[in-house]
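Okay, structure first, notes after.
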Amino acid sequence: QVQLVESGGGLVQAGGPLRLSCAASGPTFSNYAMGWFRQASGKERESVAAISWSGITTDYADSKKGRFTISRDNAKNKVDMQMNSLKPEDKAVYYCAEETGGLLTRRPGPYDYWGQGTQVTVSS
């Protein structure tokens with residue numbers, strides 16, 4: 001049974017940084033790609049970034065490139081996302097997810113396990 005628990009969300013001023021972390025249970029974490037997604041109130045869930053099982057390959061949504069950085073530590077079973085230069089429009093619930101089919105993708109459909117999410121609010 002895979003469990004994903006996000007942490008690190010909170011209230012931050014526009015232009016500030018925030019680091020999200022996702023702790024994963026299960027012995028096979030290091031075998032699978034991980035992704036971060038977000039969902040703003042009244043909007044559909046959207047991709048933020050994804051990272052391969054090794055951490056070597058990453059993929060970002062265009063609007064996040066240069067501001068967000070996804071990373072993982074397979075020894076600690078966790079994946080992080082450093083978010084810099086936050087904007088009010090980055091306000092959302094952020095979710096991490098695990099993809100067990102061998103894909104590196106930012107599409108939410110292939111992801112099999114999801115965390116409960118952590119709220120990020122950016123004040124202007």
Side-chain angles (χ1 to χ4, degrees):
Q1 183 77 13
V2 174
Q3 271 195 316
L4 303 174
V5 179
E6 302 94 338
S7 62
L11 174 64
V12 63
Q13 281 192 325
L18 206 59
R19 188 175 184 90
L20 304 182
S21 188
C22 172
S25 65
T28 57
F29 170 79
S30 60
N31 292 350
Y32 302 122
M34 297 292 294
W36 281 98
F37 297 81
R38 71 185 188 185
Q39 188 165 18
S41 180
K43 295 188 177 181
E44 291 188 356
R45 190 168 297 189
E46 66 171 348
S47 166
V48 178
I51 188 166
S52 64
W53 66 269
S54 65
I56 292 175
T57 305
T58 57
D59 187 22
Y60 296 90
D62 286 344
S63 62
K64 319 304 183 291
K65 288 179 182 176
R67 294 195 301 129
F68 292 8
T69 303
I70 189 172
S71 61
R72 68 188 296 161
D73 184 338
N74 286 343
K76 296 182 179 178
N77 272 26
K78 69 168 190 167
V79 60
D80 291 344
M81 187 163 67
Q82 177 67 39
M83 305 187 295
N84 296 326
S85 303
L86 283 163
K87 305 174 182 179
E89 52 263 42
D90 292 318
K91 176 183 177 180
V93 178
Y94 284 71
Y95 300 88
C96 69
E98 182 173 295
E99 200 285 323
T100 62
L103 291 176
L104 175 62
T105 178
R106 288 191 291 105
R107 292 180 296 112
Y111 283 80
D112 305 289
Y113 299 99
W114 293 80
Q116 292 300 306
T118 185
Q119 175 72 49
V120 171
T121 302
V122 184
S123 63
S124 56

Discussion item. Please report the interatomic distance OG1(Thr57) to CG(Leu104), rounded to the nearest 0.5 Å.
Written reply: 6.5 Å
Discussion item. If I compare all heavy atoms of Ile70 with all of Trp36, which pair ends up nearest, and what's the gap?
Written reply: CD1-CD1, 3.5 Å
Worksheet entry | Partner residues of Glu46 under the side chain to side chain contact (heavy atoms under 4.5 Å, CB included) criterion, sequence neighbours left out | Arg38, Lys64
Worksheet entry | Minimal non-hydrogen separation, Thr58 against Gly55, with atom names | CG2-O, 4.4 Å
Worksheet entry | Backbone of Gln116 reached by a side-chain donor or acceptor of Glu6 within 3.5 Å | yes
Worksheet item: Side chains of Asp80 and Ser71: donor-acceptor distance under 3.5 Å anywhere?
Response: no
Worksheet, complete the sentence: Residues Val48 and Phe68: closest non-hydrogen pair is CG1-CD2, 3.3 Å
Worksheet entry | Enclosure of Glu89 CD (heavy-atom neighbours >12, cutoff 6.0 Å) | yes
Fill in: Donor-acceptor side-chain pairing of Gln82 and Asn84 below 3.5 angstrom
yes
Discussion item. I want to check something: taking the side chain as every heavy atom from C-beta on, are Leu86 and Leu18 in contact at a cut-off of under 4.5 Å?
Written reply: yes
Worksheet item: Is any side-chain heavy atom of Tyr95 closer than 4.5 Å to a side-chain heavy atom of Pro108?
Response: no
Response to the item:
In terms of heavy-atom contacts, Thr105 and Glu99 come closest through CG2-CG, 4.4 Å
For residues 117-124, which side-chain donor-acceptor pairs fall under 3.5 Å, sequence neighbours excluded?
unit_1, atom_1, unit_2, atom_2, d
Thr118, OG1, Gly9, N, 3.2
Gln119, NE2, Ala92, O, 3.4

Worksheet item: With side chains defined as the heavy atoms from C-beta onward, is the minimum distance between Asp62 and Tyr60 less than 4.5 Å?
Response: no
Discussion item. I need the single residue from Met34, Met81, Lys78 that forms a side-chain contact (heavy atoms from CB on, under 4.5 Å) with Arg72. Which is it?
Written reply: Met34
Practice prompt. Could you tell me which residues satisfy side chain to side chain contact (heavy atoms under 4.5 Å, CB included) with Asn31, sequence neighbours excluded, listed by chain and number?
Written response: Thr28
Worksheet item: Say you draw a straight line from CG of Asp73 to OG of Ser21; how long is it, rounded to the nearest 0.5 Å?
Response: 9.5 Å
Fill in: Nearest heavy-atom neighbours spanning Asn77 and Ser25
ND2-C, 4.4 Å
Worksheet item: Do you reckon Tyr113 sits in the same ILVMFWY cluster as Val93, going by side-chain contacts under 4.5 Å, direct or chained?
Response: no
Worksheet item: Sequence neighbours excluded, which residues qualify as ring pair (Phe, Tyr, Trp, His ring centres under 6.0 Å) partners of Phe37?
Response: Tyr111, Trp114
Worksheet item: How about Arg19: does its CZ atom have over 12 heavy atoms from other parts shown lying under 6.0 Å from it?
Response: yes
Worksheet item: Do Tyr94 and Val12 share a hydrophobic cluster (ILVMFWY, side-chain heavy atoms under 4.5 Å, transitive)?
Response: yes
Item to complete: Return the set of residues passing side chain to side chain contact (heavy atoms under 4.5 Å, CB included) with Asp59 (not counting sequence neighbours), or none when no residue passes.
Response: Arg106
Worksheet entry | Partners meeting ring pair (Phe, Tyr, Trp, His ring centres under 6.0 Å) with Trp53 (sequence neighbours left out) | none
